[in-house]
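Reading through the structure tokens given below for one structure.
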2 protein chains.
Amino acid sequence: MQLKKYTDYGLRILMYLASFDADDKCAEPKLATIREICDTFDLSANHVNKVVHHLGRLQLIETRRGKNGGFLLAKQPEDISLAFVIRQLEGDEKWIECENPYCVAMPACELKGIVARGKELFYDYLSQYTLKSLMVKAPQLRQIFSTAS
Amino acid sequence: MQLKKYTDYGLRILMYLASFDADDKCAEPKLATIREICDTFDLSANHVNKVVHHLGRLQLIETRRGKNGGFLLAKQPEDISLAFVIRQLEGDEKWIECENPYCVAMPACELKGIVARGKELFYDYLSQYTLKSLMVKAPQLRQIFSTAS
DNA sequence: TCAAACATACATTCATAATGCATTTATTAT
DNA sequence: ATAATAAATGCATTATGAATGTATGTTTGA
């Protein structure tokens, strides 16, 4: 019972982008690259590659191919819900499985509903927060990210 | 992000025991055996073996070795919290991991706290329910269990 | 047209949950 | 006492899926 690293990496990437976004609203926004993310967080390029692609498909970031390409947030940090990000990256599966292997108790089982509602509570709670909520220490984050690599 | 089958099996076992417990308060309580559980739910004896042992160590069930041995609930169903059972069987690990691989953002990261609180909310919710909450359809469960295998 | 950057597909490794197997220990009926 | 039964324990194996690695394609700007 733990979030996948995949999801974790996705959140790190978004935090990275948001920290620069908070920097300067007027200037042409900085593009990040996969290489840059990997250097900063010391992660595998391939895995980051996939997560970035996924974030792009989710329209959370805008990706640009080619020379001087890269990616940036596609929306304002306050419009990116943590619940959405985690649900999508994590995959929205049931937290308890009655079918595999099949449980004979299923027709009379109260458990699956209870766990399902608990899961929804978790996501409801997360939906109070956005990427902006993670930016309360943006200057410190920027400092960390610029020093790292 | 899913409960382990191990945890699931543990809950099934407890439900099985509780369904009989609800049956007849006065009679010497029926003992279940691992074999019986395996037959009923069509599970591997070895895995069930381990879960039963674990439930015993947690003092949720009382196990008896030897001929005519088996196990039964060690407390009333209303005193067995689903939050406790799941937390224990699942292992009480963090839902997000900052150390592996280490995340440079950690000193300025709001995320870990948010996820941790969400996790606690999940368990707080579960702590409203006990094994007794799973017995609202006890007669039907008994019927299922007696027919199965 | 070259180089940089993401896109995509497939293969491989790794972690760990899920099983399997064998043996030991405790208990009780005979 | 002894045999049978049931949990306890330890170790080995398999299965699953996440996490990586490798390779190549595609787009784009200089």
Side-chain angles (χ1 to χ4, degrees), chain A residues 1-10 12-13 17 28 30-39 41-72 74 89-91 93-97 99-103, chain B residues 1-10 12-13 17 28 30-39 41-72 74 86 89-91 93 95-97 99-103:
Chain A
M1 194 72 164
Q2 207 174 259
L3 295 179
K4 293 185 286 187
K5 291 185 182 180
Y6 184 86
T7 305
D8 190 355
Y9 296 172
R12 295 187 196 186
I13 293 165
L17 295 174
E28 170 68 359
K30 169 177 164 27
L31 293 193
T33 65
I34 290 173
R35 164 178 297 280
E36 195 179 317
I37 299 282
C38 293
D39 288 348
F41 291 98
D42 194 25
L43 300 177
S44 139
N46 300 283
H47 213 44
V48 170
N49 188 335
K50 278 160 204 174
V51 180
V52 164
H53 179 56
H54 196 165
L55 292 173
R57 279 191 284 121
L58 293 172
Q59 316 225 52
L60 296 174
I61 65 177
E62 181 192 327
T63 61
R64 294 190 195 151
R65 289 178 166 191
K67 199 158 189 176
N68 299 329
F71 43 89
L72 74 170
L89 295 185
E90 198 60 25
E93 63 197 346
K94 286 184 191 150
W95 282 6
I96 199 163
E97 179 64 75
E99 300 282 3
N100 176 36
Y102 175 78
C103 178
Chain B
M1 193 70 165
Q2 207 173 257
L3 295 179
K4 292 185 287 188
K5 292 186 181 179
Y6 184 86
T7 305
D8 190 356
Y9 296 172
R12 294 188 197 185
I13 292 165
L17 295 174
E28 170 68 359
K30 169 178 162 28
L31 293 193
T33 65
I34 290 172
R35 163 178 299 281
E36 196 179 317
I37 298 284
C38 293
D39 288 348
F41 292 98
D42 195 24
L43 300 177
S44 139
N46 299 284
H47 214 45
V48 170
N49 189 332
K50 279 158 202 173
V51 180
V52 165
H53 179 55
H54 196 164
L55 292 173
R57 280 192 284 121
L58 293 172
Q59 316 225 48
L60 296 174
I61 65 178
E62 180 192 327
T63 61
R64 294 190 195 153
R65 289 177 166 191
K67 200 160 187 175
N68 298 330
F71 43 88
L72 75 169
I86 295 180
L89 295 186
E90 198 60 24
E93 64 198 345
W95 282 6
I96 198 164
E97 178 64 76
E99 300 283 2
N100 176 35
Y102 175 77
C103 178

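Keep in mind it's a predicted model, so treat the numbers as computed, not measured. Lettering of chains follows the sequences in order, A, B, ..., and the numbering in each one begins at 1.
Straight-line distance from the NZ atom of Lys50(B) to the P atom of dT9(D): 12 Å, rounded to whole Å. In this structure, Ile61(B) atom CD1 and dA7(D) atom C1' are separated by 10 Å, rounded to whole Å. Following rounding to the nearest Å, His47(A) (NE2) and dG17(D) (P) show an atom-to-atom distance of 16 Å. Going from atom CD of Glu97(A) over to atom P of dT16(D) covers 13 Å, rounded to whole Å. Rounded to a whole Å, the CD1 atom of Ile34(A) is 15 Å from the C1' atom of dT20(D). One interatomic measurement links the two molecules: CE of Met1(B) to P of dG17(D), which rounds to 17 Å at whole-angstrom precision. Look at CG on Leu72(B): it is 12 Å from P on dA7(D), rounded to the nearest Å. Between Leu89(A) atom CG and dA18(D) atom C1' the separation is 14 Å, expressed in whole Å.
In terms of position along DNA chain D, the nucleotide closest to Ala32(B) lies nearer the 5' end than the nucleotide closest to the other residue of the pair Ala32(B) and Pro101(B).
For Trp95(A) against Met1(B), the heavy-atom pair with the smallest separation is CD1-O, 3.1 Å. Between Phe71(B) and Ile13(B), the closest heavy-atom pair is CE1-CG2, 4.1 Å. Of all the heavy atoms in Cys38(A) and Ala45(A), the pair that sits closest is SG-CA, 3.3 Å. Taking all atoms of both residues into account, the shortest heavy-atom contact from Lys5(A) to Asn100(B) is CE-O, 3.3 Å.
Under 4.0 Å is where a charged nitrogen must lie from a carboxylate oxygen, and between Glu99(A) and Lys94(A) no such pair does.
Residues passing the salt bridge (charged side-chain N to carboxylate O under 4.0 Å, His left out) test with Glu62(B), sequence neighbours excluded: Arg64(B).
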**Request:** Decide yes or no on side-chain contact (heavy atoms from CB on, under 4.5 Å) for Leu43(A) and Arg12(A), but give the supporting numbers first.
**Result:** CA-CA 11 Å; Leu43(A) 300 177; Arg12(A) 295 187 196 186; 4.3 Å; yes
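When the shell of 6.0 Å around CD of Gln59(A) is examined, it contains 12 or fewer heavy atoms from other residues, nucleotides or ligands.
Here Gly70(B) lies in heavy-atom contact (under 4.0 Å) with sugar-phosphate atoms only.
Note on His53(B): every side-chain N or O is 4.0 Å or more away from OP1 and OP2 of dA7(D). Remark: Thr63(B) is in phosphate contact with dA8(D), judged by side-chain N or O atoms under 4.0 Å from OP1 or OP2.
In 5' to 3' order, the nucleotides of DNA chain C bounding all contacts with chain A (an atom under 4.0 Å from a heavy atom) are dA4(C) to dC10(C).
Residues Lys4(A) and Leu89(A) fail the side-chain proximity criterion, which asks for heavy atoms closer than 4.5 Å.
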**Prompt:** Going 5' to 3' along nucleotides 23-30 of chain D, which nucleotides have protein heavy atoms under 4.0 Å from the base (write B), which only from the sugar-phosphate (write S), and which from neither (write -)?
**Reply:** ---BBBBS
